[in-house]
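Below is one structure, written out as structure tokens; the observations come after it.
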Amino acid sequence: MDNTVFLNTNREMPLLGLGVYKATGENEAENAIISAVESGYRLIDTASVYKNEENVGRGIASCGIPRNELFITTKVWNTAQRLGDIQGAFERSLDRLKLDYVDLYLIHWPVPGCYLSTWKVLEEIQKSGRALSIGVSNFEIRHLKELEANSGIIPAVNQIECHPLCYPKELIDYCQNKGIQVQAYAPLARGAYLDNDVMCVLGTKYAHTPAQIGLRWATQKGISVIPKSVHPDRIRSNGNIFDFTIEQEDMDLIDTLNENFHSSHVPEDLRDIAF
């Protein structure tokens with residue numbers, strides 16, 4: 001898969017990657033990574049809160065692909081932000097992954113009163129060469145504006161929920177205008193649009209599944225996607241999205257499906273915060 005984008009750090013990132021959220025069973029993440037790599041994936045996305053970094057590390061070590069050909073992302077969780085233990089959390093992630101560096105390190109959520117100081121530590125981690133790029137997740141425009149007002153480093157990536165039923169166009173436009181790469185987690189909306197009439201009709205038109213239509217819609221917009229699966233057949237299917245192009249009128253039609261539907265939710269420790 002040679003479909004990549006260049007980040008504002010001048011580093012290349014695949015448009016398609018494997019998400020391993022909830023892949024916590026024995027060898028589940030490891031086997032998923034091996035299947036993904038065999039299907040051409042080169043981006044693996046995990047996080048400390050997923051509790052599977054050790055298993056991901058084993059998958060990276062056993063997948064047969066040189067480290068410099070892989071793009072590995074992990075994230076710092078809210079607890080570490082509140083404790084001010086960003087460096088410690090990062091070191092523990094590297095240790096669990098058995099890596100000398102990650103390609104991308106993200107702030108998982110904009111914890112109020114914490115994320116600006118967390119970002120300063122991420123800047124130091126990037127300077128050390130142990131995270132080649134740094135970015136954020138779940139940040140809205142107001143968070144990004146505050147970050148820019150307090151730092152000279154623009155996030156390389158903003159990872160947000162994005163799919164045909166959740167298309168935050170204003171946020172995406174803002175990021176793209178600022179040179180921040182948008183990456184979509186839950187790009188299949190946990191299956192919520194797979195039986196949508198429009199997506200099914202377009203699936204028939206383009207001889208692809210509704211899931212492939214949704215993933216292709218995002219990547220044609222320049223949005224990176226990280227669908228999660230531990231099933232080899234679905235991993236392969238999710239990867240077969242670069243052999244067709246959706247016509248502009250159909251892209252516009254998919255845009256109209258937006259209903260601000262979120263298949264994921266704000267975590268418990270941020271539930272009372274207005275996002």
Side-chain angles (χ1 to χ4, degrees), residues 4-14 17 19-21 29 42-57 59-61 66-139 143-160 175 178-183 185 224 226 267 269-270:
T4 61
V5 291
F6 276 93
L7 305 179
N8 59 22
T9 52
N10 203 33
R11 295 191 177 277
E12 209 169 0
M13 184 178 78
V20 295
Y21 175 56
R42 293 297 180 266
L43 188 160
I44 310 297
D45 178 275
T46 186
S48 61
V49 77
Y50 298 170
K51 307 299 183 185
N52 60 12
E53 287 174 313
E54 290 181 346
N55 205 339
V56 168
I60 293 168
R67 170 66 185 93
N68 64 1
E69 294 181 17
L70 296 172
F71 191 103
I72 309 300
T73 300
T74 193
K75 314 173 191 78
V76 60
W77 185 240
N78 304 344
T79 307
Q81 291 193 65
R82 290 197 170 93
L83 293 173
D85 186 29
I86 314 307
Q87 286 279 4
F90 179 71
E91 296 288 352
R92 290 190 291 275
S93 285
L94 280 187
D95 182 63
R96 288 189 289 262
L97 289 164
K98 295 294 184 286
L99 297 177
D100 296 324
Y101 70 95
V102 294
D103 297 271
L104 180 64
Y105 195 49
L106 303 179
I107 299 178
H108 207 145
W109 284 88
V111 177
C114 297
Y115 63 85
L116 293 179
S117 57
T118 298
W119 185 250
K120 291 296 184 184
V121 181
L122 261 63
E123 290 179 351
E124 294 303 315
I125 290 172
Q126 183 181 29
K127 289 176 185 175
S128 75
R130 294 175 299 159
L132 302 185
S133 300
I134 55 175
V136 297
S137 182
N138 298 298
F139 274 47
H143 303 120
L144 295 169
K145 284 183 174 179
E146 190 174 11
L147 206 62
E148 184 177 13
N150 287 271
S151 171
I153 298 180
I154 301 293
V157 169
N158 186 15
Q159 189 181 107
I160 60 174
C175 288
K178 290 290 184 178
I180 302 170
Q181 175 63 44
V182 176
Q183 186 171 65
Y185 71 77
S224 173
I226 47 170
D269 61 348
L270 292 178

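Note that the coordinates shown come from a computational prediction; the quantities given were computed from them, not determined experimentally.
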By ring pair (Phe, Tyr, Trp, His ring centres under 6.0 Å), Y185 pairs with (sequence neighbours left out) none
Sequence neighbours excluded, the answer for salt bridge (charged side-chain N to carboxylate O under 4.0 Å, His left out) partners of E148 is K178
Residues passing the ring pair (Phe, Tyr, Trp, His ring centres under 6.0 Å) test with F90, sequence neighbours excluded, are Y105
Applied to residues 98-119, the salt bridge (charged side-chain N to carboxylate O under 4.0 Å, His left out) test, sequence neighbours excluded, yields R67-D103
T118 meets the side-chain hydrogen bond (donor to acceptor under 3.5 Å, both in side chains) criterion, sequence neighbours left out, with Q81
Across all chains, not counting sequence neighbours, the side chain to side chain contact (heavy atoms under 4.5 Å, CB included) partners of K145 are I141, Y174
So the salt bridge (charged side-chain N to carboxylate O under 4.0 Å, His left out) pairs with at least one residue in residues 73-87 (sequence neighbours excluded) are D45-K75, R82-D269, D85-R92
The salt bridge (charged side-chain N to carboxylate O under 4.0 Å, His left out) partners of E91 (sequence neighbours excluded) come to R130
Sorted by chain and number, sequence neighbours left out, ring pair (Phe, Tyr, Trp, His ring centres under 6.0 Å) with F71 holds for none
Applying salt bridge (charged side-chain N to carboxylate O under 4.0 Å, His left out) to E123 and not counting sequence neighbours gives none
side-chain hydrogen bond (donor to acceptor under 3.5 Å, both in side chains) filter on T73, not counting sequence neighbours, yields none
Hits for side-chain hydrogen bond (donor to acceptor under 3.5 Å, both in side chains) against S48, two or more places apart or cross-chain, chain-then-number order -> none
